[in-house]
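Notes follow the structure.
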Amino acid sequence: MTNNNTSILITGGAGFIGSNLCDYFLAKAYKVTCLDNFATGHRHNIEAFFSNPNFTLLEGDIRDPQTCAKAVKNIDYVLHQAALGSVPRSIQDPFTTNEVNITGFMNMLIASRDAGVKRFIYAASSSTYGDSENLPKVEDIIGKPLSPYAITKYVNELYAEIFSKTYGMETIGLRYFNVFGRRQDPNGAYAAVIPKFVMQLMQHESPVINGDGNYSRDFTYIDNVIQMNELAMISDNPAAVNTVYNTAFGDRTTLNEMVSYLKTYLSEFDSEIAEIPVIHGPNRAGDIPHSLASIEKAKKLLNYNPKFPFQDGLKEAVKWYWENLK
Ligand code: NAD
């Protein structure tokens, strides 16, 4: 392991994506600070890092400007992941989603500007494409937002652009498309579909698909997302900054196909899972029928080269859930 004097702040570092970023950059000997209030993240996601001298945990809330100012001290790069995810959560409680995702984001931008961080990289979202029917999604063609969550993520992009232009900050937004993989939380009312279905199938329960299952998503394995964060951080291409990128594999899979792969991979551990029937429920508010990213911009400007197609990532994720949560 080489010594690395670069320091990174990962907000939301106790969450699914954030803890994977902590893990990856600690393994590369970066100095990593995690800022998290454990609203949806978990101590068990980061416990393994506590003994690493390069790791610092700052427990706090991005809604508090002073906490943000403290967190960015001596930081080179910010990877801002902290937010309240989930479209249904934002429909249930738009106020708190707005506070965390917009006010919290603004606090982090201001703190990063004032501390002179080298680059502010943030989790944007494919939900920004809203009701646009364009496929594949290209970065500069978006529709109207379909949920409070989508509004917050779009507002993040607008503020990042204005901060770049007005204060000369370097920012990069990564529009994540349905990320999945190790440590994604399978529990709670707002769990993402893949971990939720894995847990249900492992417990011999029928997963409930919203709608007929022909909706499709560009499901993106966590390691592809890590690669994008690293490229966004280290890129020295001046044309690559102050913009947003689709962060995806660039392929789509229907919900029905996804469940069928899950059953196949899980039945290698427990053959009875192959027989579990699937239930279909009503479509969910705020869901778009299809989502597929063009990843040409990231390939061209950041040399992005995703290593994990959906099925390869899903096999890895299933194995992780079986070994860790069964
Ligand atoms: P997650 O819920 O696992 O992680 C979010 C983390 O932020 C949690 O650890 C949570 O405790 C922390 N957090 C929430 N509110 C906070 C606050 N006020 N102060 C400090 N920390 C706070 O979710 P995730 O899937 O890892 O998502 C990470 C980021 O990626 C989010 O910004 C999310 O909107 C975005 N995103 C995720 C996906 C996906 O498919 N998972 C897709 C698009 C965008």
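The chain is numbered in sequence order, starting from 1. For ligands, and for the atoms within them, numbers begin at 1 and follow the listed sequence.
- Of all atoms in ligand 1, listed by their number and element, those nearer than 4.0 Å to a heavy atom of Phe38 are 11 (O).
- Salt-bridge check for Asp223 with Arg182: passed, with a basic side-chain N closer than 4.0 Å to an acidic carboxylate O.
- The local environment of CD in Gln92 is sparse, with at most 12 non-hydrogen atoms from other residues, nucleotides or ligands closer than 6.0 Å.
- From the protein, the heavy atom lying nearest to atom 18 (N) of ligand 1 is Asp61 OD1, 2.8 Å.
- At least one heavy atom of Lys153 sits closer than 4.0 Å to an atom of ligand 1.
- Looking at atom 19 (N) of ligand 1, its nearest protein heavy atom turns out to be Ile62 N, 3.0 Å.
- Scanning the protein for heavy atoms near atom 29 (C) of ligand 1, the closest one is Gln81 O, 3.1 Å.
- Atom 9 (O) of ligand 1 has as its closest protein heavy atom Asp36 OD2, 2.5 Å.
- The neighbour count for Lys70 NZ, taken as heavy atoms of other residues, nucleotides or ligands under 6.0 Å away, does not exceed 12.
- Salt bridge status for Glu268 with Lys319: absent, with no side-chain N to carboxylate O gap under 4.0 Å.
- Distances below 4.0 Å separate heavy atoms of Gly41 from the following atoms of ligand 1: 8 (C), 9 (O), 10 (C), 11 (O).
- Residue contact check: Ala82 has heavy atoms under 4.0 Å from atoms 7 (O), 21 (N), 22 (C) of ligand 1.
- Of all protein heavy atoms, the one closest to atom 23 (O) of ligand 1 is Phe16 N, 4.6 Å.
- The main-chain N or O of Phe177 is never found under 3.5 Å from a side-chain atom of Ser125 such that the two would form a donor-acceptor pair.
- At least one donor-acceptor pair under 3.5 Å links the side chain of Asp270 to the backbone N or O of Glu272.
- Considering only non-hydrogen protein atoms, atom 8 (C) of ligand 1 sits nearest to Thr40 OG1, 3.2 Å.
- Salt-bridge check for Asp76 with Lys31: failed, with every basic side-chain N at 4.0 Å or more from each acidic carboxylate O.
- There is a protein heavy atom less than 4.0 angstrom from atom 1 (P) of ligand 1.
- Of all the atoms in ligand 1, the ones that sit under 4.0 Å from a non-hydrogen atom of Ala123 are 29 (C), 30 (O), 32 (O), 35 (C).
- The nearest heavy-atom contact from the protein to atom 14 (C) of ligand 1 is Ala83 O, 3.5 Å.
- Not a single heavy atom of Tyr122 sits closer than 4.0 Å to an atom of ligand 1.
- Close contacts between ligand 1 and Gly12 involve ligand atoms 6 (C), 7 (O), 9 (O), 12 (C) [criterion: under 4.0 Å to a heavy atom].
- The backbone N or O of Gln81 sits less than 3.5 Å from a side-chain atom of Thr11, completing a donor-acceptor pair.
- Between Tyr261 and Tyr265, the angle of the ring planes stays under 30°, which puts this pair in the parallel group of the 30/60° scheme.
- Contact between Ala14 and ligand 1 is present, with at least one heavy atom of the residue lying under 4.0 Å from the ligand.
- Using a 30° and 60° split on the angle between ring planes, Phe180 and Phe310 fall in the perpendicular class, above 60°.
- Within ligand 1, counting atoms from 1 as listed, the ones closer than 4.0 Å to a heavy atom of Gly60 are 19 (N), 20 (C).
- In the vicinity of Ala124, heavy-atom distances shorter than 4.0 Å reach the ligand 1 atoms 43 (C), 44 (C).
- Listed by number with element, the atoms of ligand 1 under 4.0 angstrom from any heavy atom of Val100 are 15 (N), 18 (N).
- Note on ring orientation: taking the six-membered ring where Trp is involved, the planes of His42 and His44 are parallel (angle under 30°, cut-offs 30° and 60°).
- Among protein heavy atoms, atom 13 (N) of ligand 1 sits closest to Asn37 OD1, 3.5 Å.
- Taking only non-hydrogen atoms, the option from Asp185, Val179, Val225 nearest to atom 39 (C) of ligand 1 is Val179.
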